[in-house]
There are 2 protein chains.
Amino acid sequence: MDSSEVRRAGRPRKSVLDREKILGAALKLLNSVGPEKFSMAALAVELGVKPPALYHHVKNKQALLVGMREVVSDSIDVSGFGVLPWREALERWARSYRVAFSAHPNAIALLATEPITGATRTLGMYESVVQGLLAAGWEVSEVMGSMVALESFILGSALDLIAPVDMFDPGEAAVQTPGLSMVLEAQSASDSSRADEAFELGLRIMVEGLGRLHGRGA
Amino acid sequence: MDSSEVRRAGRPRKSVLDREKILGAALKLLNSVGPEKFSMAALAVELGVKPPALYHHVKNKQALLVGMREVVSDSIDVSGFGVLPWREALERWARSYRVAFSAHPNAIALLATEPITGATRTLGMYESVVQGLLAAGWEVSEVMGSMVALESFILGSALDLIAPVDMFDPGEAAVQTPGLSMVLEAQSASDSSRADEAFELGLRIMVEGLGRLHGRGA
DNA sequence: ACCTGAACACCGTTCAAGT
DNA sequence: ACCTGAACACCGTTCAAGT
């Protein structure tokens with residue numbers, strides 16, 4: 001982003017920034033440098049601008065994070081609800097949800113803890129899920145708990161995706177953790193990553209379990 | 001923490017700090033002020049000390065966070081493994097795991113993303129789980145995936161616990177989210193909180209599902 | 001309206017100087 | 001060894017001044 005002509009003070013003839021451009025650059029930056037080095041200053045550099053210029057388009061850093069979450073939410077696939085059988089709709093949603101966040105792995109912890117009040121597009125995603133499950137005949141009283149339980153699993157799995165691959169590596173202490181070392185070795189023999197394997201396993205269990213709960217056979 | 005006599009430079013006759021005291025104060029502080037205002041400076045104030053003094057006991061802020069995670073890990077109950085039937089051991093572990101983190105709700109996002117390499121006590125917790133499941137006859141190749149899947153769910157649930165109770169409140173936009181508003185109302189009629197209900201539901205599903213996977217009846 | 005420049009109250013961390 | 005004081009390179013944010 002270096003259109004390297006210096007810009008002197010005063011309103012430019014054509015504005016260089018807009019909200020969408022800022023959000024895109026912010027996600028790209030957060031993803032590339034990590035949450036520690038993600039700053040308004042660094043974002044300004046990325047956009048070829050001085051930090052205060054950002055405040056004409058976003059209220060503050062927290063509002064920026066909420067906006068970023070909206071962008072991520074938009075790429076979550078809710079198209080299955082009301083069209084496919086609910087199991088398949090739910091699985092499509094879960095996988096794309098995790099992928100959406102894993103495309104911005106460093107964003108998860110920051111974004112997952114921001115309240116969504118006022119974030120219309122994110123709320124829209126939940127509305128789609130709820131509508132789909134209601135249409136499939138789920139009890140009104142059970143939809144919220146089921147959705148949140150599944151979402152907790154998805155978010156936790158996304159969190160697991162941030163962890164370094166050798167997260168569990170005992171290192172020096174391997175002698176004191178023979179069981180852990182053993183199952184780790186068995187796991188590393190498999191094709192798929194620890195995170196992927198655990199996610200698909202848990203998703204299968206969750207969807208089957210919800211099916212049983214809602215009294216519908218296979 | 002105001003033993004309010006001013007301390008002049010130089011080594012004090014009796015040291016005022018130690019690692020344990022710092023970790024305890026850090027968790028207490030993080031929990032009370034939230035991650036945003038959690039700083040080395042604020043921690044120093046809490047301990048009645050100047051910021052640089054902390055660096056005699058912890059390498060840096062990241063090492064401090066790892067230490068805090070160790071303390072939290074210590075309160076997770078692994079006593080059931082090898083003693084109780086694995087389902088009950090797993091449930092005890094899961095509930096105490098979530099409670100341990102929910103006692104420090106603001107710590108979850110910060111602590112859950114720190115690698116555990118070298119954190120002996122945290123590794124010890126995982127070793128207990130693995131040993132317990134192996135002793136119960138689980139396949140070596142399946143232990144890791146199952147444990148991580150369940151842990152993802154627990155961590156996600158803990159993350160859900162940080163969210164404000166009105167996290168999903170559509171506010172102004174309620175008209176556009178009739179389904180969500182409806183299931184939210186049905187849920188708020190129940191005794192337990194959204195988070196608690198979703199957790200217990202998911203836990204039941206997870207443990208049942210794992211049981212089925214490992215080919216053991218009810 | 002939308003940019004820069006200067007300024008404010010903060011950070012985390014290092015290091016010399018004291019006891 | 002273990003504290004303070006001073007200093008460094010950073011933060012997020014505000015605001016006046018320019019166009």
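Computation of the quantities below employed the complete heavy-atom set of this structure, encompassing side-chain atoms and omitting hydrogens, waters and symmetry-equivalent molecules. Here is the naming used below: chain letters follow the sequence lines, and residue numbers restart at 1 for every chain.
- If you measure from atom CG of B/Leu47 to atom P of D/dC3, you get 10 Å, rounded to the nearest angstrom.
- Nearest-nucleotide mapping onto DNA chain D: of A/Gln62 and B/Pro12, the residue sitting toward the 5' end is B/Pro12.
- Atoms NZ (A/Lys50) and P (D/dG12) sit 15 Å apart, rounded to a whole Å.
- Between A/Trp93 and A/Ile154, the shortest heavy-atom contact is CZ3-CD1, 3.9 Å.
- A/Arg92 and A/Ser79 form a side-chain donor-acceptor contact under 3.5 Å, judged by distance and modelled atom types alone.
- Atom pair B/Lys37:NZ and D/dC11:C1' shows a separation of 16 Å (rounding to whole Å applied).
- Contact annotation: B/Lys61 side-chain N/O to C/dG12 OP1/OP2 distance is under 4.0 Å.
- Note on A/Glu200 versus A/Arg95: salt bridge recorded, some NZ/NE/NH1/NH2 to OD/OE distance being below 4.0 Å.
- Atom CZ in B/Arg8 sits roughly 19 Å away from atom P in C/dA17 (whole-Å rounding).
- To the nearest angstrom, C1' of D/dT4 lies 12 Å from CG of B/Leu54.
- Side-chain polar atoms of B/Glu197 and B/Ser190 form a donor-acceptor pair below 3.5 angstrom.
- For A/Val49, the side-chain atoms get nearest to C/dT4 when compared with the rest of D/dG12, C/dT4, D/dT4.
- The separation between B/Glu36 atom CD and C/dC10 atom P is 15 Å, rounded to whole Å.
- When heavy atoms are screened at a 4.0 angstrom cut-off, B/Ala41 is found touching the sugar-phosphate backbone but no base atom.
- Between B/Arg11 and the phosphate of D/dA1, there is no side-chain N or O to OP1/OP2 separation shorter than 4.0 Å.
- Proximity of B/His57 to the phosphate of D/dA1: no side-chain N or O atom is located under 4.0 Å from OP1 or OP2.
- Remark: P of C/dT13 and CG of B/Asn60 are 5 Å apart, rounded to the nearest angstrom.
- For the pair A/Lys14 NZ and D/dT19 C1', the computed distance is 16 Å after rounding to whole Å.
- No side-chain heavy atom of A/Glu127 sits less than 4.5 Å from a side-chain heavy atom of B/Pro170.
- Between the side chain of B/His56 and the base of D/dC3, a donor-acceptor pair under 3.5 Å is found.
- Looking at the side chain of A/Met40, the nearest of the listed nucleotides C/dT4, D/dC3, D/dT13 is D/dT13.
- Residue whose closest nucleotide on DNA chain C sits further toward the 5' end, between B/Pro51 and B/Arg13: B/Pro51.
- Checking D/dT19 for Watson-Crick or G-U wobble geometry (two distances, each under 3.5 Å) identifies C/dA1 as its partner.
- Pair assignment for C/dA6: D/dT14, on the basis of Watson-Crick or G-U wobble contacts that are both within less than 3.5 Å.
- Comparing D/dC3, C/dT13, D/dG12 by their closest approach to the side chain of B/Arg7 singles out D/dC3.
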